[in-house]
Amino acid sequence: MSTLTKLAVAWCALGAIIPGQSLGQALRKVGFIDLPGPKGQRFDYLTMDAEDHYLLSAHLGPGILYVIDVRTNSLVQAIPGVPGITGVEYVPGLRKVYTSDWGEEKIGVVDLKQMKVVKRLPTAEKPNGSTYATEFGKVYVSNTNGKAVTVVNVGTDQVVKTLDFNSETGMPQYDFIARKVYVNLRSTNEIVSIDPSNDAIVERYAVAGCQYNHGMAIDSAHHRAFLLCGGNRTLTVLALDTHEALAHLPLPQGADVVKYDPGLGRVYAACASGFISIFQEDDAAHFRKVEDFPVQKLVHSLAVDAATHRVYAPEQQEEGQPVARIVIYEPSVPPNPSK
């Protein structure tokens, strides 16, 4: 057998040892967590509670908030009473979670000490994504169909303001360095910035080359926003200080939720067509696509643990069969191989 043939056989054998995991892929599956809710029903947003090392996951279909310990990969509590839960926002220090409950058009206040819903606040139609302005003690909830953003004071658990727009609202995000809240106006392809000190609109401007901007993640250190533009299936990198679109990178169909890992400079976009699309921020001016990593279809949300760099994605089906679980991934190649 020639040397070349031997190498080819060894390569194929190695591939057989790691089924479903191609060499060089940017993520690798390291485990999963089965959940007790009904199988085959839709999940939505996830977020991390770094204080308790919890993953908080919204199971929209049955209206359950899962509290998962990522140190042991075990379920701590399945909290019911959050009908149609979409958004999930954790408030550090207070050990509270604010849920966007589409099924009753309310914001649920969940006390993690008691592991139950302790209050419900009225909101506009279809509460969805949310963000927390830490220094101002306010949660901002986008009401997609209500074309509004609801502002909640976390000290009093009262709605203090509702901002109305002439557009459906997408994901809001807080820039802790600029101290501004940014909101996607997806019907008009615009971004709005809000001053959390008085909840006044500071800026409103169009995003060049982006249609139907819904998902958003922010790199505060570089004042960059990563926008999922569903209308033309691109990830747009936006300079928040100059309003310039720095890059347009292709996305698979169904991109919904995007997260940024500042430690690796990685951007992950969950796409319901069956991919996690992965991008690399090499520096504040250079961005590139790494891979469309194949996952199960209907995976349209994810979370990133900034401490461990693990990626968590909920699955409602496996090869067409219903499941209810969180799959755990780890980055498996250097974020910038050229360095």
Side-chain angles (χ1 to χ4, degrees), residues 47-48 50 89 92 129-142 149 151 163 165 167 169-186 188-230 232 234-249 251 255 257-269 277-290 302-304 306-307 309 335-336 339:
T47 195
M48 300 300 304
E89 199 63 39
S130 55
T131 194
Y132 178 51
T134 312
E135 296 86 356
F136 302 91
K138 295 177 182 178
V139 167
Y140 293 76
V141 178
S142 112
V149 171
V151 186
L163 300 169
F165 301 96
S167 166
T169 51
M171 185 68 181
Q173 286 285 273
Y174 177 59
D175 184 333
F176 64 88
I177 293 180
R179 296 197 170 192
K180 292 180 182 178
V181 173
Y182 295 92
V183 182
N184 275 317
L185 299 184
R186 66 187 199 179
T188 55
N189 311 321
E190 293 177 298
I191 288 284
V192 161
S193 65
I194 301 166
D195 181 352
S197 68
N198 57 12
D199 296 319
I201 304 298
V202 179
E203 297 172 306
R204 177 172 177 166
Y205 53 91
V207 181
C210 178
Q211 299 172 13
Y212 206 71
N213 45 312
H214 177 65
M216 184 197 308
I218 282 185
D219 169 9
S220 289
H222 297 110
H223 303 291
R224 301 292 183 257
F226 304 99
L227 308 179
L228 300 186
C229 308
N232 53 343
T234 64
L235 176 117
T236 295
V237 184
L238 177 67
L240 292 169
D241 43 2
T242 65
H243 309 168
E244 179 186 2
L246 301 177
H248 298 290
L249 302 169
L251 281 168
V257 173
V258 58
K259 298 287 185 175
Y260 174 67
D261 182 345
L264 296 182
R266 276 248 176 110
V267 180
Y268 299 95
S277 201
I278 305 168
F279 305 87
Q280 185 64 40
E281 178 187 51
D282 291 323
D283 55 45
H286 297 91
F287 311 87
R288 57 188 166 87
K289 185 165 187 174
V290 175
L302 53 79
V304 178
H309 307 295
N336 189 354
K339 290 185 178 182

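- In this structure, the side chains of Thr169 and Leu185 come closer than 4.5 Å at one or more pairs of heavy atoms.
- Considering all non-hydrogen atoms of both residues, Val181 and Ala133 come closest at CG2-CB, 4.3 Å.
- Between Ile191 and Asn184, some side-chain heavy-atom pair lies under the 4.5 Å cut-off.
- To the nearest 0.5 Å, atom CG of residue Asp195 and atom CD of residue Glu203 are 11.0 Å apart.
- Contact between Leu246 and Ala284 at its shortest, heavy atoms only, is CD1-O, 3.9 Å.
- In this structure a side-chain-to-backbone donor-acceptor pair under 3.5 Å is present from Gln280 to Gly265.
- Under the 4.5 Å side-chain criterion, counting only non-hydrogen atoms from C-beta, Phe176 is not in contact with Thr134.
- Summarising the geometry, atom CG belonging to Asp282 is positioned 4.0 Å from atom CZ belonging to Arg288; distances are rounded to the nearest 0.5 Å.
- Checking each of Glu281, Arg266, Gln173 against Tyr260 for a side chain to side chain donor-acceptor pair (under 3.5 Å) leaves exactly one that passes, namely Glu281.
- Side-chain atoms of Asn189 come within 3.5 Å of backbone atoms of Tyr212 as a donor-acceptor pair (strictly under, hydrogens ignored).
- Proximity of Leu238 to Tyr205: side-chain heavy atoms (C-beta onward) are separated by under 4.5 Å at one or more points.
- The two residues Thr236 and Ala245 have their closest heavy-atom pair at CG2-CB, 4.0 Å.
- Lys259 NZ to Leu302 CG: the interatomic distance, rounded to the nearest 0.5 Å, is 7.5 Å.
- Side chains of Tyr140 and Asp199 form a contact here, defined as non-hydrogen atoms less than 4.5 Å apart.
- Interatomic distance, Asn198 CG to Phe136 CZ, rounded to the nearest 0.5 Å: 9.0 Å.
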Side chain to side chain contact (heavy atoms under 4.5 Å, CB included) between Leu235 and Leu228, intermediate numbers included: CA-CA 5 Å; Leu235 176 117; Leu228 300 186; 3.7 Å; yes
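- When each of Lys180, Glu135, Arg179 is paired with Tyr174, the side chain to side chain donor-acceptor pair (under 3.5 Å) condition holds for Glu135 and for no other.
- For His243, the NE2 atom counts as densely surrounded, since its 6.0 Å shell holds more than 12 non-hydrogen atoms of other residues, nucleotides or ligands.
- Looking at Asp219, its side chain never comes within 3.5 Å of a backbone N or O of Pro262 through a donor-acceptor pair.
- Residue Leu227 comes nearest to Met216 through the heavy atom pair CD2-CG, 3.5 Å, listed as atom of the first residue, atom of the second, then distance.
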Steps toward side chain to side chain contact (heavy atoms under 4.5 Å, CB included) verdict (Glu190, Phe165): CA-CA 11 Å; Glu190 293 177 298; Phe165 301 96; over 6 Å; no
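- Distance check: Thr242 OG1 to His223 NE2 gives 11.0 Å after rounding to the nearest 0.5 Å.
- Ring pair Phe287/Phe226 is perpendicular by interplanar angle, where above 60° counts as perpendicular and below 30° as parallel.
- Among all heavy-atom pairs drawn from Lys289 and Ser277, the shortest one is CE-OG, 3.4 Å.
- Counting only distance, with no hydrogens or angles, the side chain of Ser142 and the backbone of Gly170 share a donor-acceptor pair below 3.5 Å.
- Here Cys210 contributes atom SG and Arg186 contributes atom CZ; the two are 12.0 Å apart, rounded to the nearest 0.5 Å.
- Two residues are said to be in side-chain contact when any heavy atoms from C-beta on lie closer than 4.5 Å; Leu240 and Ile218 meet this criterion.
- Counting heavy atoms from C-beta on, the side chains of Phe279 and Leu251 come closer than 4.5 Å.
- Nearest heavy-atom pair, Ala208 versus His248, reported as atom, atom and distance to 0.1 Å: O-CE1, 3.0 Å.
- Side-chain contact between Met171 and Val258 is absent, with no heavy-atom pair separated by less than 4.5 Å.
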